[in-house]
> 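Please read through the structure below; I'll follow up with questions.
Starting from 1, each residue takes its place in the sequence as its number. The structure displayed is predicted, hence computed values, not measured ones.
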Amino acid sequence: SIGYMGGGKFVTYGVSEQLTRIVIPPLSIVQTINGKRDLSVNAGDVLNFNISYRNESNIGLRDAIITMNLDSEVLDYRKLDREYGSYDPPSRTLIWKASDIPGLARLNSGDGGTVSFSIPVLDSIPGGVQGKNFSIQTTAKIDSPDIPTPIGSNKVIASNTMVTRVNSSVGIGVYLVQNDSSFPGKGPLPPVAGQETLYTVKIRLNNEYNDITGAKLVITLPSSSRYQKRFMPDTEAIEWNDRTNTLVWDLATYRAARGERRELRFQIAATPDMSLVNKDLQLINGMTFTGQDQFTKQDIHIEKGAQDTKYIRQEEGGYVNMKVTSQ
């Protein structure tokens, strides 16, 4: 409307009206991944897709075709698994016709069904796939030649798009450094009962895909391991709790960096007693990494227990012999 205010009332000079109608689409289609319509996934996860379709109109529809487009560089297309349908690699599109699913030849009012397939996320996203904050966009569509096409309008089809985000991948490695210029080792190796050995431990982290906020690594030592209160680099935020025998590495916001590592070195002293002869000396009881993925908003909780830290590698390669001897 256009006009003016006069005498406390609006006087109209001209009016233009347009009516927009909301109609129910004749076909509906919905996709789920692992039974959900909203989720985030990890590298290496297998994604099980179900695509449900239905004729919502009051008339039968002929020769329906279902398509599914996979738009992502982080899927392992070599391991795509389907029972029916065809796959077009250049367009990354799956196609189902009546020759695959006879019911698509004629969908009566209220008729529908489900098609399924699975595909894994790459276990390790290659360096050639640049950037971070990876996601998987999938679009399912269904159409039929019996759906009316008004002159001058696009053909009406049913479509459903999902965007699935990939969680970050944090790797944790534990190593013994035997030739460290800052923290020289001392004592026998393999360990000897009744004799003290000074060990230099290196923790190596890598964060591949997304930034992580509130990141912390808690390292739990057995009471037999004595932290020497020495660590490098000294710019890291380290807190030692003598009562719980835990070392907390506060990483704050841990930025994702493909192919880069973040390291912490510290020293432990241990003197095994005779009861440990012919047994492996445990230097670390376990480690726990926590934080929140800034891209997917998922909490991250990674645990490495005693079994995961029992066999420690040398930085140069190979495992360290930690079996206690009597002499």
> Could you pull out the closest heavy-atom pair between Ile2 and Phe10, with the gap in Å?
C-CZ, 4.0 Å

> Just by distance, no angles: are the side chains of Thr93 and Asn69 close enough, under 3.5 Å, to form a donor-acceptor pair?
yes

> Does Arg265 form a salt bridge (charged side-chain N to carboxylate O under 4.0 Å, His left out) with Glu236? I'd like the steps, not just the answer.
CA-CA 10 Å; Arg265 306 194 318 277; Glu236 295 291 352; over 6 Å; no

> Please output the side-chain donor-acceptor pairs of residues 208-215 that fall under 3.5 Å, not counting sequence neighbours, one pair per line with the distance.
residue: Glu208; atom: OE1; partner: Arg258; partner atom: NE; Å: 3.3
residue: Glu208; atom: OE2; partner: Asn206; partner atom: ND2; Å: 3.2
residue: Tyr209; atom: OH; partner: Ile125; partner atom: N; Å: 3.2
residue: Asn210; atom: OD1; partner: Asn133; partner atom: N; Å: 3.2
residue: Asn210; atom: ND2; partner: Val166; partner atom: O; Å: 2.9
residue: Asn210; atom: ND2; partner: Asp293; partner atom: OD1; Å: 3.2
residue: Asn210; atom: ND2; partner: Asp293; partner atom: OD2; Å: 2.8
residue: Asp211; atom: OD1; partner: Lys132; partner atom: NZ; Å: 3.1
residue: Asp211; atom: OD1; partner: Ala256; partner atom: N; Å: 2.8
residue: Asp211; atom: OD2; partner: Lys132; partner atom: NZ; Å: 3.2
residue: Asp211; atom: OD2; partner: Arg255; partner atom: NH1; Å: 3.1
residue: Thr213; atom: OG1; partner: Gln292; partner atom: O; Å: 3.4

> Over all heavy atoms of both residues, which pair between Leu80 and Ile119 is shortest? Give the atoms and the distance, please.
CD1-CB, 4.1 Å

> Show the numbers, then the answer: is there a side chain to side chain contact (heavy atoms under 4.5 Å, CB included) between Val248 and Ile238?
CA-CA 6 Å; Val248 180; Ile238 302 298; over 6 Å; no

> Please tell me if the side chains of Trp240 and Asn245 come closer than 4.5 Å, counting only heavy atoms from C-beta onward.
yes

> Under the side chain to side chain contact (heavy atoms under 4.5 Å, CB included) test against Pro191, which residue among Val277, Leu276, Leu281, Thr271 passes?
Leu281

> Can you name the closest pair of heavy atoms from Arg62 and Ser144 and give their distance?
O-OG, 2.7 Å

> Thr246 and Thr220: side-chain hydrogen bond (donor to acceptor under 3.5 Å, both in side chains), yes or no, with the steps?
CA-CA 5 Å; Thr246 54; Thr220 305; 6.0 Å; no

> Kindly say whether the aromatic ring centers of Tyr4 and Tyr13 come within a distance under 6.0 Å.
yes

> Taking the six-membered ring of Tyr254, is NZ or CZ of Arg262 closer than 6.0 Å to its centre and within 45° of its axis?
yes

> According to a hydrophobic-cluster definition based on side-chain heavy atoms being under 4.5 Å apart (Ile, Leu, Val, Met, Phe, Trp, Tyr only), do Leu107 and Val30 belong together?
no

> Could you check Thr114 against Asn50 for side-chain hydrogen bond (donor to acceptor under 3.5 Å, both in side chains), going step by step and ending with a plain yes or no?
CA-CA 6 Å; Thr114 301; Asn50 284 327; over 6 Å; no

